[in-house]
Amino acid sequence: MARADPAEQAMIRLELRRFASRCDMQEGLIRRADSLREVARLVNISVPYKLSNEMDAREYQRRVGLTAEERARELIGEQVAEFCRAEGDFRDKLRAKMRDEWSNLTGPLGHLRNWANNRLLAAEQVE
């Protein structure tokens, strides 16, 4: 079928609406996620082949990535704040736990690993 075919265009629009609703659902799940592992799992959403040339589909995928990055930054901020409140040996345990959890930041969220380490380093230097 040619791209100018109205039936094909209607099918692409239908598929795009389905993908948009799937992305919206994924964003809601990411906002409710309570661990970095879950956020890293939910950020991976692939664009269906039929929509690979559609810019709107790429925009929905990008929006899911931005939501996941925002939620991951919130979770990391909470972890660093908890680290600042901790004392003594518990800090060492928290540091190890945080670094272990930050190892889950891969793929589209991989750049946040360095950001998280810098936040932790800054928190350690303040105290």
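The CZ atom of Arg18 sits 9.5 Å away from atom NZ of Lys50, with the distance rounded to the nearest 0.5 Å. The CZ atom of Arg13 sits 12.5 Å away from atom CG of Leu51, with the distance rounded to the nearest 0.5 Å. Separating the CD1 atom in Ile30 from the CZ atom in Arg71 is a distance of 10.5 Å, to the nearest 0.5 Å. The CD1 atom of Ile76 lies 9.5 Å from the CD atom of Glu69; values are rounded to the nearest 0.5 Å. Distance check, rounded to the nearest 0.5 Å: CG of Asn53 to CZ of Arg58 gives 8.5 Å. Taken from CZ in Arg62 to OG1 in Thr67, the straight-line distance is 9.5 Å, to the nearest 0.5 Å.
Contact of the Leu112 side chain with the Trp102 side chain is not registered, since no non-hydrogen atoms from C-beta on lie closer than 4.5 Å. At a threshold of 4.5 Å between non-hydrogen side-chain atoms, the residues Ser35 and Leu75 do not count as touching. Residues Arg95 and Glu124 meet the side-chain proximity criterion, which asks for heavy atoms closer than 4.5 Å. Glu101 is listed as a side-chain neighbour of Gln79, based on a closest heavy-atom distance under 4.5 Å. For the pair Leu16 and Tyr60, the minimum side-chain heavy-atom distance is below 4.5 Å. No side-chain heavy atom of Asp5 sits less than 4.5 Å from a side-chain heavy atom of Gln9.
Salt bridge absent: Asp100 and Lys97 never bring a charged side-chain N and a carboxylate O closer than 4.0 Å. For Glu82 and Arg85, the salt-bridge test fails: no basic side-chain N is under 4.0 Å from an acidic carboxylate O. Using a cutoff of 4.0 Å between basic side-chain nitrogens and carboxylate oxygens, Asp24 and Arg63 are scored as salt-bridged.
Side-chain heavy atoms closer than 4.5 Å link hydrophobic residues (I, L, V, M, F, W, Y) into clusters, and following such links, even through other members, never connects Leu121 to Leu94. Under a hydrophobic clustering in which Ile, Leu, Val, Met, Phe, Trp and Tyr are joined whenever their side-chain heavy atoms come within less than 4.5 Å, directly or via other members, Phe90 and Met98 fall into the same cluster.
Residues Ala72 and Val39 come closest through the heavy atom pair CB-CG1, 4.3 Å. Taking both residues in full, the closest heavy atoms of Ala68 and Val43 are given as CB-CG2, 3.4 Å, listed atom of the first, atom of the second, then distance. A pairwise comparison of heavy atoms in Gln26 and Asn44 identifies NE2-O, 4.5 Å as the closest pair. Between Val47 and Gln61, the shortest heavy-atom contact is CG2-OE1, 3.4 Å. Shown here for Arg113 and Leu105, the closest heavy-atom pair between the two residues is NH2-O, 2.7 Å. Scanning both residues, Ser46 and Phe19, for their nearest heavy atoms gives O-CE1, 3.4 Å.
Leu14 pairs by the side-chain contact (heavy atoms from CB on, under 4.5 Å) definition with Arg17, not counting sequence neighbours.
Relative to the ring axis of Phe83, Arg91 places its NZ or CZ within 45° and under 6.0 Å from the centre.
Of the N and O atoms on the side chains of Asn104 and Arg41, not one donor lies less than 3.5 Å from an acceptor on the other residue.
The environment of Asp89 atom CG is sparse: at most 12 non-hydrogen atoms of other residues, nucleotides or ligands sit within 6.0 angstrom.
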Could you please spell out the steps behind the salt bridge (Lys or Arg N to Asp or Glu O under 4.0 Å) verdict for Arg73 and Glu70?
CA-CA 5 Å; Arg73 286 180 188 265; Glu70 179 183 311; over 6 Å; no
Stepwise salt bridge (Lys or Arg N to Asp or Glu O under 4.0 Å) test for Glu27 and Arg31:
CA-CA 6 Å; Glu27 283 183 64; Arg31 286 189 189 102; 3.3 Å; yes
